[in-house]
Number of protein chains: 2
Amino acid sequence: MNGRMRIGDLTERAGVTPRTVRYYERLGLLPPGEREGHGQHYYTEETLARLEKIGQLKQLGLSLEDIRDVIDLYFTDPSGIKPKQKVLALLRQHLAETDQKIGALQRFRSDLQAHIARFERWLAERSEDTGER
Amino acid sequence: MNGRMRIGDLTERAGVTPRTVRYYERLGLLPPGEREGHGQHYYTEETLARLEKIGQLKQLGLSLEDIRDVIDLYFTDPSGIKPKQKVLALLRQHLAETDQKIGALQRFRSDLQAHIARFERWLAERSEDTGER
DNA sequence: AGCAAACATGACGTTAACGTCATGTTTGGA
DNA sequence: TCCAAACATGACGTTAACGTCATGTTTGCT
């Protein structure tokens, strides 16, 4: 009745495969599931939460390496002033990069709208001349 | 004195390698440079412009395949109503996807800011207790 | 004509983020 | 206790977007 699930349940709920979980473990994105001796691994709800967070961050275009740098601060507080300052710097850097991306995407959006408008005008003209009921 | 440049000049100006140009040609992102018989290829300013545009679109996270679908409309007008309508649909789809991405990034941005604020508060408290000039 | 620099082409290598397969071990239920 | 389902581990495969070599051909200059 505690949060002991095996890899199958975990991956089913997270929508990933066991391969992915093991891969993430090796990269340091997930703490390796506990186990007694050399048997199977058992995971908790936190592992699930981490997997979901990783999914979100991936969606944003972060690489697994990028994610490894920030994932911990979602689940553990680094202790001591030095680590916190380091994390803070990292966060600010990510914020700057994010703003860059948003800006680029907004410019791209304008571009697209301009093109769309152009095509719509063109098609509108034709339909006046030609297809007028 | 016309716009005839060979691949070396082109790639130097565009900041890519010949390999990249040939790769793009094969994918249909760039029209193959003209040539007489079986000699070398010659490119124009438009090729350069296309390369630059491709670079921008890549920055936005579009794959080369995505780019292949839209790159032409930056440089050539598709003729006929059908093609234009098709392109228009494509553009609208890209617009929707772009909006999704922007939204996700903005949510991520808020997340980051929240975390940053949290760390800043923590660090501020310590410096009051401890480091007060 | 001769030659070095630039180009063409093909083949194999690389990184990220897993997929797939083979083989052996654990578990939980009848 | 026995067995099928689930798990563990290692190895090889895959896609995207090129990099890097090796080898042979073209060009531009002297």
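A, B, ... follow the sequence lines: proteins, then strands. Residue 1 opens every chain.
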Taking the minimum atom-to-atom distance to the side chain of [X], which one of [options] wins?
{"X": "B:Ile7", "options": "C:dA8, D:dT20, D:dA8", "answer": "C:dA8"}
{"X": "B:Gln40", "options": "D:dA17, D:dT27, C:dT26", "answer": "D:dT27"}
{"X": "B:Glu65", "options": "D:dA16, C:dG28, D:dT27", "answer": "D:dA16"}

Does [X] have a side-chain nitrogen or oxygen under 4.0 Å from the phosphate oxygens OP1 or OP2 of [N]?
{"X": "A:Thr17", "N": "C:dC18", "value": "no"}
{"X": "B:Lys58", "N": "D:dC18", "value": "yes"}
{"X": "B:Arg35", "N": "C:dT9", "value": "yes"}
{"X": "B:Tyr42", "N": "C:dC7", "value": "no"}
{"X": "B:Thr20", "N": "D:dA17", "value": "no"}

Heavy atoms only: give me the nearest [X]-[Y] pair and the separation to one decimal.
{"X": "A:Arg6", "Y": "A:Tyr43", "result": "C-CD1, 4.2 Å"}
{"X": "A:Ile81", "Y": "B:Leu123", "result": "CG2-CD2, 4.0 Å"}
{"X": "A:Leu30", "Y": "A:Ile54", "result": "CD2-CD1, 4.0 Å"}

Say whether, by atom type as modelled, one donor and one acceptor occur between the side chain of A:Arg50 and the main chain of A:Ile71 under 3.5 angstrom.
no

Just the rounded figure in Å: distance from [atom2] of [N] to [atom1] of [X].
{"X": "B:Ile54", "N": "D:dA17", "atom1": "CD1", "atom2": "P", "result": "12 Å"}
{"X": "A:Leu62", "N": "C:dA17", "atom1": "CG", "atom2": "C1'", "result": "15 Å"}
{"X": "A:Arg4", "N": "D:dC7", "atom1": "CZ", "atom2": "C1'", "result": "14 Å"}
{"X": "A:Glu34", "N": "D:dC7", "atom1": "CD", "atom2": "P", "result": "17 Å"}
{"X": "B:Arg68", "N": "D:dA16", "atom1": "CZ", "atom2": "P", "result": "10 Å"}
{"X": "A:Leu57", "N": "C:dA17", "atom1": "CG", "atom2": "P", "result": "13 Å"}
{"X": "A:Met5", "N": "C:dT27", "atom1": "CE", "atom2": "P", "result": "18 Å"}
{"X": "B:Glu25", "N": "C:dC7", "atom1": "CD", "atom2": "P", "result": "13 Å"}

Assess whether atom CD of A:Glu52 is packed by more than 12 heavy atoms of other residues, nucleotides or ligands within 6.0 Å.
yes

Between A:Gly8 and B:Tyr23, which is nearer to the 5' end of DNA chain D once each is assigned its nearest nucleotide?
A:Gly8

Name the residue closer to the 5' end of DNA chain D, choosing between B:Arg6 and B:Leu64 according to the nucleotide with the nearest heavy atom.
B:Leu64

Looking for any heavy atom pair under 4.0 Å, which part of the strands does A:His38 touch: base, sugar-phosphate only, or nothing?
nothing

Does B:Arg22 reach a base, just sugar-phosphate, or nothing at all? Heavy atoms under 4.0 Å.
base

Dot-bracket encoding of pairs in DNA chain D, which uses [ ] for pseudoknotted crossings and | for another strand, Watson-Crick or G-U under 3.5 angstrom:
||||||||||||||..||||||||||||||

Evaluate the salt bridge (Lys or Arg N to Asp or Glu O under 4.0 Å) criterion for residues A:Arg92 and B:Glu120: first the C-alpha distance (whole Å), next the side-chain angles of each, then the deciding distance (0.1 Å), finally the verdict.
CA-CA 11 Å; A:Arg92 289 196 168 120; B:Glu120 280 173 342; 2.3 Å; yes

If you draw the axis of the six-membered ring of A:Trp122, does the NZ or CZ of A:Arg118 fall within 45° of it and under 6.0 Å from the ring centre?
no

Using the salt bridge (Lys or Arg N to Asp or Glu O under 4.0 Å) rule, take A:Lys53 and B:Asp111 through it: C-alpha gap first, then chi angles, then the decisive distance, then the call.
CA-CA 12 Å; A:Lys53 183 53 89 175; B:Asp111 252 43; 3.4 Å; yes

